[in-house]
Protein chains: 2
Amino acid sequence: MAAICYQSPIKLSFTTSNAFSNPIPNNPPSLYPIITRFSSGFNLSAVPSKTQTTHITIPEPEPIFSSVKSFAPATVANLGPGFDFLGCAVDGIGDFITLRVDSKVKPGEVSISDISGAGEKLSKDPLSNCAGIAAISVMKMLNIQSVGLSISLEKGLPLGSGLGSSAASAAAAAVAVNELFGGKLSVSDLVLAGLESETKVSGYHADNIAPAIMGGFVLIRSYDPLELIELKFPLEKDLFFVLVNPEFEAPTKKMRAALPNEVTMSHHIWNSSQAGALVAAILQGDSRGLGKALSSDKIVEPKRGPLIPGMQGVKKAALEAGAFGCTISGAGPTLVAVTDGEERGREIGERMVEAFMKEGKLKALAMVKKLDRVGARLVSSNPR
Amino acid sequence: MAAICYQSPIKLSFTTSNAFSNPIPNNPPSLYPIITRFSSGFNLSAVPSKTQTTHITIPEPEPIFSSVKSFAPATVANLGPGFDFLGCAVDGIGDFITLRVDSKVKPGEVSISDISGAGEKLSKDPLSNCAGIAAISVMKMLNIQSVGLSISLEKGLPLGSGLGSSAASAAAAAVAVNELFGGKLSVSDLVLAGLESETKVSGYHADNIAPAIMGGFVLIRSYDPLELIELKFPLEKDLFFVLVNPEFEAPTKKMRAALPNEVTMSHHIWNSSQAGALVAAILQGDSRGLGKALSSDKIVEPKRGPLIPGMQGVKKAALEAGAFGCTISGAGPTLVAVTDGEERGREIGERMVEAFMKEGKLKALAMVKKLDRVGARLVSSNPR
């Protein structure tokens, strides 16, 4: 495999922030076959960074389409013991963006013309909307000053469901802008643009936006520099996610407050070993082992689970119905179970929906989805 | 890959103990292609277990050799963020056992006739000696009642060096007894026998004994039941360990006391993500990524490192000399660095030895060793 080190060809005057605490001391830069590494970066927090800034200006590209339509999938982050660093994309559910060259919009700017689907609560101010922020970020990276753009956002994902709704919008927007101008940016640049959006609307975490853009499973190895490891689930193996979304608004503040500041050493060792087992199961296409690892979190799920009515009963029902594992998707309230067969997935989903009603007095909807291996992509385009 | 579920064919009246806290709730038993699973088990602690005991008696086997000689390799445990659950075996250094059918020894018992090499401090009482304990354990598993055995132990590994000395002796003894009687036990049984020995002389941890017996990298997924995941570093890739052992007795009590009872959530997330990255690097044969992950521990190394004079300076020297990573081997004082070339490994070793003298005023010896992919094995045998 070739060693790849991504360096943005774009003018970037911001610097990488340091989300995790200290950088690895004296470690020489490494070249990874499977790592997207960002030498350029973003000033996403007030923490001064040791990363040097890059100043390279490229000529402004022309739009090659008059409009494009893009799609980005739902994502499941906080994968059990992969809390805060491991996420994956699920196929067949997500957000669409239609992006147009719009002479009514001031050159270099973007407007949001309409939002349909599950997004009625969202702001149309592009500076407050996740799609808008990501679009602007990509336009800046591309140095777009002569063309105005308008966005039409079709929300396929419910807000606050734990399925990476904001990341899907940001990913679709980032890809749409990039493709409209000829696809000059790398995947890594698009993740950075999406991360800027996530930071403003959802929090500084890449475990939804990275898989939303890249597809598959992605491990966030570090934020300074941002390093992502693609974990390829073998093509010949099947993996199905049973996503069960109850009619319940997860108490975001309580969910955050439920996270412990400290964990015991024994729980740390347990969860770390399960994180290792999870990565091994993904790379070896072991859906059973993957499910087991997903189910094994002793740190976050025990704290957050009780905030979702009936959660433990629903998990029990999933496992009894043959799911290999079950946990909270993102920060909930959606629960995710895994299996290797679609039919079995539907049965598991039915049992989980019943259990949500019985144990939590909540109506719920179940979906059975495959792993999305592609990530955000163009679905159609119109020539100029 | 075939699904393998190990079930000992042997009479075992003890039950599996619970080292990690709670078992995964309601998780159905899984069959792993890469997991050695032990349905039978050991009563290694006073904690009552939920695992059912197995009572199957096999006929006593005859010895098929009059004597055998076995070897078991050194192991590096506590692999950076893999603390307490990930270890690997290193080639070309380890312990030898010569095991003889001995009519002077009471049938069903074992004696230790002599210990050579670096083991002059070791007890010859088989109930206190790691080789003796493992040998007795295997004899019990095999139901040996009619034959007495004597052990000659050749210690190639210094005691208390952080290279899995006790595990090597136990592994070599377990394999020797099993092979003498026709190799009837599985690898998993041998690990259990070795774990009984480790528990008595070193502590209840399998991250040395499992790779000492199995070779390669082994992840300890759980102890109840004991589940091990073999992580295969690709055959076509090179991996070299630079092991630098200073003339210094690691303060075992201080080393243990230095471990924190609690870790911050941010350090937990960091170390877990690095553990995931480490597993990915191993499976993908990415020695650079492996080294980087090895170097990234923010929890244990920062506490234990200062107890080894000059440790930080030696690590710095290793990285400056081109090592991909460096950390403490086991509980030290040996330091381990990794690289992908033998010649480079020797240079790194020289720089580390110099730094131990300069920074820690300690004489040290460097070795460059490959990954051992085989584990404990017979090296010779004499027919009856």
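Not measured: the values here are computed from a predicted model. A, B, ... follow the sequence lines: proteins, then strands. Residue 1 opens every chain.
- The side-chain contact (heavy atoms from CB on, under 4.5 Å) check on A:Glu262 picks up B:Glu262, B:Thr264, with sequence neighbours excluded.
- Comparing B:Leu219, B:Leu86, B:Val263 by heavy-atom pairs within less than 4.5 Å of chain A, the highest count is held by B:Val263.
- Distance CD1/B:Ile269 to CG/A:Leu259: 7.5 Å, rounded to 0.5 Å.
- Partners of A:Glu301 according to the side chain to side chain donor-acceptor pair (under 3.5 Å) rule, which considers only residues two or more places apart in sequence or in another chain, are A:Lys315, A:Thr327.
- In terms of heavy-atom proximity, A:Arg221 sits nearest to B:Trp270 at O-CZ3, 3.7 Å.
- Atom CD1 in A:Ile282 sits 11.0 Å away from atom CG in B:Leu283 (nearest 0.5 Å).
- Among B:Cys326, B:Ala275, B:Ala277, the residue making the largest number of heavy-atom pairs under 4.5 Å with chain A is B:Ala277.
- Counting heavy atoms from C-beta outward, A:Asp84 and B:His268 have side chains that stay 4.5 Å or more apart.
- For the atom pair B:Ser272 OG and A:Gln274 CD, the distance stands at 10.5 Å (nearest 0.5 Å).
- Note that OG of B:Ser273 and CD1 of A:Ile220 are 9.5 Å apart. Values are rounded to the nearest 0.5 Å.
- The neighbour count for A:Arg344 CZ, taken as heavy atoms of other residues, nucleotides or ligands under 6.0 Å away, does not exceed 12.
- Only the side chain of B:Ile299 has a heavy atom closer than 4.5 Å to any heavy atom of chain A.
- If you take CD1 on A:Ile229 and CD on B:Gln284, they are separated by 7.5 Å, rounding to the nearest 0.5 Å.
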